[in-house]
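Predicted model only: the values in this text are computed from it and were never measured. The sequence lines fix the lettering, A, B, ..., with proteins before strands; numbering per chain opens at 1.
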Protein chains: 4
Amino acid sequence: MARRPLTKVRKIASQQRSRATVDALVEATARILVKDGFDKASTNRIADVAGVSVGSLYQYFPGKEALVAAVIERHQHEIMQTVRGELAGVLDQPVEKAVRKLVAAAVKAHRVDPKLHRVLAEQIPRVGKLEKLERFNGENFTLFRTYLESRRDELLVDDLELASFVCVTSIEALTHNAVLHHSRMLSDAAMEALTDEVARLVIRYLKG
Amino acid sequence: MARRPLTKVRKIASQQRSRATVDALVEATARILVKDGFDKASTNRIADVAGVSVGSLYQYFPGKEALVAAVIERHQHEIMQTVRGELAGVLDQPVEKAVRKLVAAAVKAHRVDPKLHRVLAEQIPRVGKLEKLERFNGENFTLFRTYLESRRDELLVDDLELASFVCVTSIEALTHNAVLHHSRMLSDAAMEALTDEVARLVIRYLKG
Amino acid sequence: MARRPLTKVRKIASQQRSRATVDALVEATARILVKDGFDKASTNRIADVAGVSVGSLYQYFPGKEALVAAVIERHQHEIMQTVRGELAGVLDQPVEKAVRKLVAAAVKAHRVDPKLHRVLAEQIPRVGKLEKLERFNGENFTLFRTYLESRRDELLVDDLELASFVCVTSIEALTHNAVLHHSRMLSDAAMEALTDEVARLVIRYLKG
Amino acid sequence: MARRPLTKVRKIASQQRSRATVDALVEATARILVKDGFDKASTNRIADVAGVSVGSLYQYFPGKEALVAAVIERHQHEIMQTVRGELAGVLDQPVEKAVRKLVAAAVKAHRVDPKLHRVLAEQIPRVGKLEKLERFNGENFTLFRTYLESRRDELLVDDLELASFVCVTSIEALTHNAVLHHSRMLSDAAMEALTDEVARLVIRYLKG
DNA sequence: GATGAATGAGCGTTCATTCAT
DNA sequence: GATGAATGAACGCTCATTCAT
């Protein structure tokens, strides 16, 4: 009986140690990406910034790509955390409200960690296999498409596939550009105005 | 007196040679960017593909960045060449027609060299301060803004700055995504449909 | 008094455990050497295959070299086990018989674990001072030398040192090459033929 | 007319520079192999010892293997240089003379650069595809086989394939061992004695 | 004793850039 | 001007070894 807890504690201790190392590495990667960009994020530097040896880095990640992937995953997780509630009842709501909520959610998503979001969006495509961000947009697309389907009678548009593409792409681009490139707009009032305007764009398009 | 013309001829000859070398280098850079991406575009390889020595490359360009910048410039020049006429009378035309023309021009612009455009858009931000592409959009923005100003009475929107941002960003994003990511849409009929739809989005937004 | 036997049992138990660990490590080393070669035999991998932690590996062996040395020792032990009887009465027998027996023993020795033998012979010299294999040949040399001494009158050769070198080296090289490189010869009949031929080589050399 | 020689000189100059670099690298590789063995022959170290940058190493050799291959080639070239004449008339000569010449040639071959030969023989097999050394032995085998064929009537052996294997393997092993492991034998007189003894071994085997 | 996370020197290799020719 | 051999810092990654738990 004496050894059980001991064993358990050891295991937890090492798990904590591992976890801390992994977290430090992902955090360091994110920081370097934001501060210096993808090309400066060398494995040695990441390890260095994480206060860990390169060896440890490779104990937990098969390579640089995996670290970036982890950063992306973490970022998306955080976005989800923030946005989830926002999108809950959306499917049951009238177009005006639903669209406004979607736009507001998009804005919120882009404000989670704007600098990181920008780097991920701009510099990561080259990694090739890392289509996590696109998959994310794919989800948005599907959600929106489903919603339009359910309201088809109220809508002015007839090709719902095309309409979804138009709306999702516009919302994404507008929030992305506003938040990431024109950060002077970042005042809450300005954000409100933007949200209104984007919602207006989409609603007029859908309902005339 | 005997040497002047000779010199001149030589000079011209050498100027032509220089020009040819520069062109070959820019062309080689573009080709490699399209075929293999930014990371594989090493200076040695560019010189090789251009049929020129690395030394010569550095005679004409201070570094890799400058070559990419030249490619961007050339690409924009080609786009301008293609689009210029399209936008000529636009300022004098009614909203419906003007917007349609602008959208059509945007589509045309993205069809000039889509693969190159994609690479430039996705992989180049890393080069740091190369905001040539943004400057390009800036011009579009200004043009559009000016147009809205001239038609302000007909419009439903009141913040023209904001409205310009909304319209230009949407048009750019939609054509970019359609042409570069969903190339299955590339049939002329589909392109027509897209143009119509984007124009509809903008016009409804502007005029209700 | 109550604890003595207990302690003893524990000690034995742990000795057994130690023995098992050591064996597992040596076995794992041998397996990896055979399957993947010296370069792939990293200490971490050996420990892994042995189902033991790296830490434990270093508890029992001062380093990688020591493990390989242990494998060599074990291999030689197994060869001895197999060959010992073969060489028992050899000293009392006439040249023809004795030589034939020696050659047969050499063949047998090389057939104990040919793949391991080959790896040890080819890849181990790099380890530096591991002359265990040579020491092994040294024993053969001494044995053979002693035998020739006892038969000196019957022999055609006069420098027995030289003759021993010639015979032992030839026997070793021929059996080694035959077994390890030309494994198509491995049929029992072929092996018999080889043994005959090598014996003939040596006997003619010694007795004309 | 003025530029031709200039051009030529330039080209020669650069060819000489290249040649010198390549030679320095091969030489450095050989030296390190001899002094410290295969494992210590890292590309950086080779370049260092050659007085050349790593970059230059990779300009001329695709990797470490290629350097070792070049060393092997050079070594074999030197052996050929030394041995060629020795084997010229051999096919037309009587067994005694021919065998003696072959053995003498083998000894000579092993004395070209014994330490290097040893390293190449012992540490290189792991590279896998580098069967240059074996191919070399293959040539010896073929030559010997052909010779035996032409003298078949005089010989006591009937399986010429097997006999060739026995002879070539023995000669190679004996000269190799004598020269590389027992270098105390290296006096010319001792070498003479060894040559005689090995020739005797082979001749008695072939002719009784 | 046993564990396995952590270490870091060192590996093979690339590539933007320079400079003697 | 043109050449291309040469450079070397920096990269991604491995692995024998140590040591806190």
Side-chain angles (χ1 to χ4, degrees), chain A residues 6-7 9-22 39-48 51-65, chain B residues 10 14 17-18 21 39-48 52-65 67, chain C residues 14 17-18 21 39-48 52-65 67, chain D residues 6-7 9-18 20-22 39-48 51-65:
Chain A
L6 194 66
T7 306
V9 165
R10 268 188 202 161
K11 220 168 178 173
I12 286 172
S14 83
Q15 271 172 205
Q16 279 177 339
R17 211 140 76 98
S18 293
R19 184 74 210 158
T21 300
V22 167
D39 289 354
K40 298 290 178 55
S42 73
T43 48
N44 280 293
R45 180 126 181 273
I46 291 170
D48 217 50
V52 146
S53 69
V54 225
S56 289
L57 185 157
Y58 281 95
Q59 198 129 62
Y60 295 106
F61 296 91
K64 192 181 164 177
E65 258 194 46
Chain B
R10 270 193 199 154
S14 82
R17 220 143 69 90
S18 290
T21 301
D39 288 354
K40 299 289 178 57
S42 71
T43 48
N44 280 292
R45 180 128 178 268
I46 291 170
D48 212 52
V52 149
S53 68
V54 226
S56 292
L57 185 156
Y58 278 92
Q59 198 109 51
Y60 293 108
F61 295 91
K64 195 180 164 178
E65 263 195 40
L67 273 159
Chain C
S14 83
R17 220 144 68 91
S18 290
T21 301
D39 288 353
K40 299 290 178 57
S42 72
T43 48
N44 280 293
R45 180 128 179 269
I46 291 170
D48 211 52
V52 149
S53 68
V54 226
S56 292
L57 184 155
Y58 279 91
Q59 198 108 52
Y60 293 108
F61 295 91
K64 195 180 165 179
E65 262 195 40
L67 274 159
Chain D
L6 194 65
T7 305
V9 165
R10 268 189 202 161
K11 221 170 177 173
I12 285 172
S14 83
Q15 273 174 202
Q16 278 176 340
R17 210 141 77 98
S18 293
T21 301
V22 167
D39 288 353
K40 298 291 179 55
S42 73
T43 48
N44 279 292
R45 181 126 181 273
I46 291 170
D48 216 50
V52 145
S53 69
V54 226
S56 290
L57 185 157
Y58 280 95
Q59 200 130 60
Y60 296 106
F61 297 92
K64 192 181 164 178
E65 258 195 45

- Item | side-chain hydrogen bond (donor to acceptor under 3.5 Å, both in side chains) partners for B:Y58, two or more places apart | none
- Message: Restricting to side-chain hydrogen bond (donor to acceptor under 3.5 Å, both in side chains), what partner residues turn up for D:S42, sequence neighbours left out?
- Response: none
- Output the single nucleotide from F:dA6, F:dA9, F:dG12 whose closest atom is nearest the side chain of D:Y60. F:dA6
- Task: Indicate, with a heavy-atom threshold strictly under 4.0 Å, whether A:S42 touches base, sugar-phosphate, or nothing.
- Result: sugar-phosphate
- Message: Whether B:Q59 contacts F:dG1 is assessed here as follows: a side-chain N or O lying under 4.0 Å from the phosphate OP1 or OP2. Is that the case?
- Response: no
- Task: Please identify each residue that fulfils side-chain hydrogen bond (donor to acceptor under 3.5 Å, both in side chains) with D:T43, with sequence neighbours left out.
- Result: none
- Interatomic spacing from CG in A:L57 to CG in A:N44 - rounded to 0.5 Å: 8.5 Å
- How close or far is atom C1' of E:dC15 from atom CG of B:L67, stated in whole angstroms? 14 Å
- Message: What does the 5'-to-3' dot-bracket notation of DNA chain E look like when only Watson-Crick and G-U wobble pairs under 3.5 Å count, and pairs to other strands show as |?
- Response: .||||||||||||||||||||
- Query: If only side-chain N and O atoms of B:S53 are considered, is one of them under 4.0 Å from the OP1 or OP2 phosphate oxygen of F:dT3?
  - Reply: yes
- Residues at least two apart in sequence or cross-chain that pass side chain to side chain contact (heavy atoms under 4.5 Å, CB included) with B:V52, listed by chain then number, are B:T21, B:L25, B:A50, B:S56
- Task: Could you check whether C:F61 gets within reach of a base, just the sugar-phosphate, or nothing at all, counting any heavy atom under 4.0 Å?
- Result: nothing
- Side chain of D:Y58: nearest nucleotide among F:dT3, E:dT14, F:dT17? E:dT14
- Task: Name the nucleic acid region contacted by C:T43, choosing base, sugar-phosphate or nothing; use a 4.0 angstrom heavy-atom cut-off, strictly under.
- Result: base
- Message: Judged by each residue's nearest nucleotide on DNA chain E, which is more toward the 5′ side, A:V52 or C:L57?
- Response: C:L57
- How is B:T21 classified with respect to the nucleic acid when contacts are heavy atoms under 4.0 Å: base, sugar-phosphate, or nothing? nothing
- Message: Between D:V22 and D:F61, is there a side-chain heavy-atom distance shorter than 4.5 Å?
- Response: yes
- If each of B:R45 and C:N44 is mapped to the nucleotide of DNA chain E with the nearest heavy atom, which maps nearer the 5' terminus, i.e. the 5' end? C:N44
